[in-house]
Every structure is written in C-alpha cells, then in structure tokens.
Amino acid sequence: MKSLVRAAMLAGAAWVSAPALAQQAPDTAPGDASASETTPDIVVVARRREERLLDVPLSVTAIQASDVAKLQAIDLSGIQGAVPNVNLVQGRGSATNANFFIRGVGQPDALQTFDPAVGVYVDGVYLSRIQGALLNLFDVQRVEVLRGPQGTLYGKNTIGGAVNIVTRKPDLQAFKAAGDVTYGDYNQVVLNGYASAPIITDKLGLSLAGTYDRRDGLVTDPLTNRRYNDRNLWAVRGILNFQPAQGWQFLLSGDYTQQRSAPTLGYPTAPLTQANFAGAARVLVPAEPYGPYNFRASTGLAPGQGQRLDHWGVALTANIDITDQLQFTSITGYRKLDPNFFIDIDASQFQLGDVFVGVSQKQFSQELQLKYAGRKLKGVFGLYYLNEDIASTQIAFGNDIFAFGALPLTFRRDINDTQNTKNYAAFGQLTYDFTPKWSFTAGLRYTYEERRYNRFTTTASNAAGLNNLTFRFPDNLPAPLNTQNRISFDAWTPSFQLSFKPTRDQLIYANISRGFKSGGFNGRANGVGDLTLVVNGVNTLVTRFNPETVWTYETGYKARFADGRVTLSAAAFYSDYRDFQARVGGGAVGVFPVINAGKLQIWGFELEGVAKPTRYLTLTGSFGFLDASYAQFNDGRRAPAFSCNPTGQAITCRPAFAPPISGRLAGEYRIPIDRSSLTIGLEGRFIDKQYLSVDNRPGLIEPGYALGNAYVQFDMPDNRYYLRAGVKNFTDTRYRTDGQEFSAVANIQTVYYGDPRTWSLTAGFRF
C-alpha cells in the first residue's frame, strides 16, 4: 500500500512537471540543439510500417539522435532510467553484454540455452544473443523501445518487448557529414564520424560511420594496483542505398565491432567460502572485503586474461512498390559473433569463480513482408526464418574451492557444447478504419521452433573424488532420455487493438497481446543432479524446460495539444506471465537446476511527455510504476521456508530487475547569442529498490538510487559547429546495476556497479 501511495504522489508530481521522452525533437544530427516552438511529428516503424508515433496503439518510446547526445549516451546503457519500466544496463561481467528487462520480463541467465526476452533489432535484423548487444549509438537515426509482448510482428522471442535501432541511411541528393571528438574522465577518448554522399544523384548513395571508444579502468585491484573495467572498442558501418527506379529501393549494409579490454570486476557481497572435506568450511574473503564500495576489487585472473569480441554482419533490404497500395519487403541478414571472455565471477584474488567463456555464433535470417495501405484497410503479412548455430568452450578454474584439511585441492572443469536453433514463423496483421475516428487491429503469428543441443563436461583435480568427472548430454542419461537432445515448440500469438481518435492529435486505445519465449535445455548441467527435479515429491529427471507465455492487457492515451507545445502519453497494463524460466541456486554444491518456476502477475502504469512553455525552454520527463510479484514459485528441491513459494509456508520473493518506481525529469534552456546559442541541460533519474537475483539474495539488492546529469552546449553560427561540456552522476552516487548468483559454488554473490561521477568535453560538427 505504501508503494502505491508513493507511486500516486510521484505520478502527480511528474504529470505537473510534464513527463516524457517519447515524442521528442525531430530527426536531427547528433548534438543538434536547435529550438522550435512546437514538438513535431515523430515517425516510427513500430508496427513494421511508417506511422506517426501519436497514431501507434502501443507503448513506444522513440529516442532521436539528438536525444542520444543530450542523454550523454555512448551505448544502449546510457538510456537506463530514461524510459519508464525499462532496464537497459551493462551486464554479465562484460563491457558489451546487455542485461535487458522490460516491465519485469527479461533473461535470467547469460548462457546461449536461454533466449533473450527482449528482442534487439538493427534495421529489422534480429540479434539472437545478449553478448555484443550493448550496441554503440554512433550512427542511429532513432531507437524505438516497445514495451510489452510484440507477439505478432517481431522476431522469434519478444515476450518482454523490443529495442528497434534504426540507423541513418545515405542521402541520394546531397553530401552530409557529422563528427565529434570527446575527452573525458579516466582518459576517455571517443571519436565519432559519419559521412553520406550521392554516388549517382537520385540513384545510388553511400554512407560510412565509425566510432572509437577508449577509457582507462574504473576499478583498481589493491593487491596488484592493476586497473579493470576499462573500455576499448571500435566499430564501423557502411550502407549502400540503391534506388534504380521509382518505387524500388535496395539497402546493403555491413558492420563490424571489435572489443579488446580488461575484465569487468564486480564486488562480493557475501562471505566467500572454501569447502573442506576434513572439517568445517573456511571463509576466504569476507563480504565487501575493502569496505563500502569505492571502485576497489581483486581478481585471480592473470595479466593478459582479458576480454575480446569480434561481431560483424551484413544485411540486404529490398523495398519494392508493386502498386500504389502494395509493397513487398525482403530483409536478409547474416551475423557472426565471437566473444572470448575471461570473467571473475567471485571478484576476489582466489580461484573460486574464474572462468573462460569462448563462443562462436553465426545466424542467418530471412524475412518477407507484404504491406497493404488502402484507404480504410492497412496490413502486413509475412514469413520469417532464422537458423542459428552456436558453440562454446568454457573453462572453470577452481583451485581454491576445495581443501582437505590443510591440503589444497586443485580443480578445473572443461565444457564444450553446441546448439542449433531453427525458427519458422508466419504472421499477419490488419487494421480497419471503421470511421475517421475508430479503427480495429487484429494480428496473429504462428511460430515453430526446433532446437538441438549436445554437451560434454569433464574435470581435472589432484583429488581422486574430483578428478575425471565426465558427463555427456544426453548420452549419459538412462534410456530413453539418452536420445532426447532434440525438441520442438510451437505457439500461436495473437494481438488485438481498438483505437479511438477524438481529434487528429489524440489517441485512446486498448491492446491485448500474447507473447511466447521458447523452452530449451539446461546449459549449466554438469551431471544428473542438475537435471533432477522434485515433481510431486518424487525425484524426476527432466531434460528440458518449457516455453514461457504471457497475456498482456493494456489501455493508453496519447495527445498533442496547446498548439503542439505539449505532448503526453499514458498507459496502464496487466500481465499474466506463466512458466517463468529460472536458474535456481542454493542447493547442493555445484548444482544448477533450471526450472519453470511458476507464475508472475505484473501490473503498472507509465507516463511520458514533453512541454515547451517558450520557444527556448523544454521540459521532459517520464514516470513508471510497476507491481511485479510471484503468484507461484515452486522449487521442489528445497523446503518451503527456503523457497520463493507464497502458496506454502514460505517467504515472499519479488521478481528480479522490476523496480516499483522509475522516473526522469529534465529541463533544457536555449539562450540565443546573435547567430549562436548556449544551451543548458539538467536532468535527474530515479530507480527504486530492485532485486538482482531470482530468489532475492540479501547481498544482491539495489536499495534504489537517484542520479543527476548536466551539460552546457555552445552552438556556433549556422549551427554547424558546437562545443559541449557534460557531467554524469554529478552526486557521485554508488549504485548497483547487475548481479551474479552462484551461491552453490563458494557462496558466490557478486554485484556490479554503475560509473562514478565523470566529466567530458566534446567538440563536433554537422553539415
């Protein structure tokens, strides 16, 4: 009740202060601080066709290139806190891995056997893995964040929502260029460049974009004085825009990203222990060994054991107008992902959770769309295919996990696994305008997915009981389970939307949609124990986990009024989320079962808006309230008192990465100076208390935090050159963004922190 009262009070304050980011400035070059008296129309492709954001009966936030600069965002993690009920942070112990949750729905484990619950798309091409998905934003036209299941039109798994990145396309008539250089705290250097030029006027154009991002480490190891949590990345993208005739367009794009950095260290929040076969467990490292966190942590990794990522892809998009009302679109994509990461999960000088994870992933996708745009009837029909192959080599170094009396026991585990996924889908969506004010949309998608998985693990140790522990999946399972490494799933996911437009610039809508996320195999299974679940009181071997499904019911309102000086959007929703997939810990040593834990009930509301009281003053903000709870959480291995199971004698756990309140307020004032201008921007972001683990480990909790950011920008005459000074987290707040829960191994519970206070100076141009 207190949370609800607090939510109502903050919502009222946010509404008075004119919340939101969703309908911002027009598509402009990065750094553009030009002012206007109104907020112009924003065009998005959230429903796979171009529409005004005001006309889309969905919860969508559109972040323009100019917004990215004002948010001082280098990659997608810079959006964190700017979109209500959305968690977009660096995660899983790497500078380029993503941890995405929308409205409390996300991916609880980083391994390839878990699919992302939030789909990430670059110009319509789906990215299958969270590794490398924390994309840099150096050449974006806009980022569209769709909240709630997108079961009809988007990709293979978008049960939580979608992040749709639209890049800047080559201009066919004029040369355009933009670039900037940034120097900041910790010797950070960021170089961005973009150029677009017509090769054949009105026929063929080429654009090239690139970024270089380097920063010294934020974290120092007091034992060695080495630095970690640095940034060292560069990326390029080229796009050809070919329009041989009226109504024909072909876009050929290619991109490459390279990361070479030191490991990303967290901080242990629980005592790290060593199991002793001849006595009681021994505490090796206390919780928070260097006191309250101040960017100090240790590691057992050796120099040179860093993180390397190579990520590239090519895509061909064809848009062909068959008639004035009928258009054909083909999107063909191929991507290759090769991360090789050393990760210190325990964040200590001991070898308790030191691992190497090497992945080789490739994917091919093909999407065909047929779009119809009549006077009263509009629609999209299509086919989708994805084929993904992924193989990984993992090495776990655990020479400090076990001892026998005073005798240390060496331990190492080697893992090799492969997975192939084939996904097929057919979809369609039609919108019928009954009158100029009323319209109804119905969509349906059928998905069929096949998955094949093989796994081999072995150990090496100077202790006979720990040496040569070999497990092959599925070969080492009893018949008939020893042949069950192939599974398939299918699902029908409909959506329905009813829209009413009292005026051209107002929309009232209701939306019902179903989402689906595929099941799979336990990618952490090192033995039969990981696959043994208690079902109806009986130990049962379970070789797979089932798909997740969600039904979401939403109603919303969007409007632009006061002669275009104010825009607002609001939405309320309820989600019935079933067969939640969870990796649970805390049982036997080294055992990691994956279960369909049960049900979640999620409801909340969101407000966004922008107001321009004068030509030179802009106020923006957003507010989200989220009430997420487990209606059922069944972990049969443990007594109810130690299981998130509100239906029995149990504690009540809350879903991870689901803060009850998230919000942002910002103001920007532009001062004309002859033909130049000075712009001052100030913003505050708030993220409420949230849990960083599925079962709410005490050390894996973020109690809530507020951040303040500010910038000053001077635009020179003709708006072509600019200088900007910015500071992020000016209160130097310590806040947790992610966690690692492996309490079944040495009681590992590690948290990761956001950046401290940092400053930057930028000089840029655009023409």
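Computed over heavy atoms, backbone and side chain alike; hydrogens, waters and symmetry mates excluded.
Nearest heavy-atom pair, V566 versus A611, reported as atom, atom and distance to 0.1 Å: CG2-CB, 4.1 Å. Nearest heavy atoms, N729 versus L707: OD1-CD2, 3.3 Å. Looking at every heavy atom in both residues, Q506 comes nearest to A559 through CG-CB, 3.9 Å.
Distance NZ/K728 to OG/S760: 8.0 Å, rounded to 0.5 Å. From E606, atom CD reaches atom OG of S662 across 8.0 Å, with rounding to the nearest 0.5 Å. Summarising the geometry, atom CD belonging to E608 is positioned 4.5 Å from atom OG belonging to S569; distances are rounded to the nearest 0.5 Å. The distance from atom CG of L240 to atom CG of L208, rounded to the nearest 0.5 Å, is 8.5 Å. Rounding to the nearest 0.5 Å gives a distance of 8.0 Å between CG of L665 and OG of S622. One distance of note links OG1 of T614 with CZ of R670; it measures 11.0 Å at 0.5 Å rounding.
Between the side chains of T618 and K612, at least one donor-acceptor pair of N or O atoms lies under 3.5 Å. Looking only at atom types and distance, the side chain of N99 has no donor-acceptor partner in the side chain of Q90 under 3.5 Å away. Side-chain contact, T431 with T441: a donor N or O sits under 3.5 Å from an acceptor N or O. No side-chain donor from either of Q131 and N97 sits under 3.5 Å from a side-chain acceptor of the other. Side-chain polar atoms of K203 and T201 form no donor-acceptor pair below 3.5 angstrom. Using modelled atom types, one finds no donor on one side chain facing an acceptor on the other under 3.5 Å when comparing Q713 with T679. S77 and D75 are linked by a side-chain donor-acceptor pair at a separation below 3.5 angstrom, with hydrogens and angles left out of the test. Side-chain polar atoms of T329 and N319 form a donor-acceptor pair below 3.5 angstrom.
Side-chain contact between T167 and R237: present, with at least one pair of heavy atoms (C-beta onward) separated by less than 4.5 Å. No side-chain heavy atom of R214 sits under 4.5 Å from any side-chain heavy atom of N187. A 4.5 Å side-chain heavy-atom check between V86 and R147 finds at least one atom pair inside the cut-off. W759 is listed as a side-chain neighbour of Y183, based on a closest heavy-atom distance under 4.5 Å. In this structure, W248 and D321 have side chains that are not in contact, with every pair of non-hydrogen atoms separated by 4.5 Å or more. Contact check for P116 versus Y126: side-chain heavy atoms found under the 4.5 Å cut-off. Counting heavy atoms from C-beta outward, S365 and R335 have side chains that stay 4.5 Å or more apart. Side-chain contact check for V68 versus L71: every heavy-atom pair is 4.5 Å or farther apart.
When ring centroids are compared, F767 and F765 come within the 6.0 Å threshold. Aromatic pair Y256/W234: ring centres closer than 6.0 Å.
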Review point. Which is it for K169 and D123 under the salt bridge (charged side-chain N to carboxylate O under 4.0 Å, His left out) test, yes or no, and what are the steps along the way?
Key: CA-CA 10 Å; K169 304 304 186 295; D123 292 333; 3.0 Å; yes
Review point. Run the salt bridge (charged side-chain N to carboxylate O under 4.0 Å, His left out) check on D755 and R215 step by step: do they pass?
Key: CA-CA 12 Å; D755 291 354; R215 184 193 67 190; 3.2 Å; yes
**Study point:** Intermediate values then yes/no, salt bridge (charged side-chain N to carboxylate O under 4.0 Å, His left out), D230 and R260
**Key:** CA-CA 10 Å; D230 62 334; R260 302 288 188 267; over 6 Å; no
Practice item. Walk me through it: do K501 and D55 pass the test salt bridge (charged side-chain N to carboxylate O under 4.0 Å, His left out)? Key: CA-CA 9 Å; K501 292 185 67 63; D55 296 333; 2.9 Å; yes
Exercise for review: Starting from the C-alpha separation in whole Å, work towards a yes-or-no answer on side-chain contact (heavy atoms from CB on, under 4.5 Å) for L607 and L568.
Suggested key: CA-CA 7 Å; L607 301 171; L568 292 173; over 6 Å; no
Practice item. Apply side chain to side chain donor-acceptor pair (under 3.5 Å) to the pair N511 and E554, showing each step before the final yes or no. Key: CA-CA 5 Å; N511 177 26; E554 178 180 316; 4.6 Å; no
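The backbone N or O of L88 sits less than 3.5 Å from a side-chain atom of Q80, completing a donor-acceptor pair.
Residue Y721 qualifies as open at atom OH: its count of foreign heavy atoms under 6.0 Å is 12 or below.
Residues passing the side chain to side chain contact (heavy atoms under 4.5 Å, CB included) test with P756 are Y186, L218, F295, D732, R734, sequence neighbours excluded.
Each of R52, K558, R565 was scored for a salt bridge (charged side-chain N to carboxylate O under 4.0 Å, His left out) with D505, with one residue passing: R52. Residue Y711 is tested with Q72, K70, E668 for a side-chain hydrogen bond (donor to acceptor under 3.5 Å, both in side chains); the sole match is E668.
Within the cation-pi definition used here (under 6.0 Å to the ring centroid, within 45° of the axis), R168 qualifies as a partner of Y194.
Ring orientation note: the planes of Y616 and Y669 are nearly perpendicular, at an angle over 60° on the 30°/60° scale.
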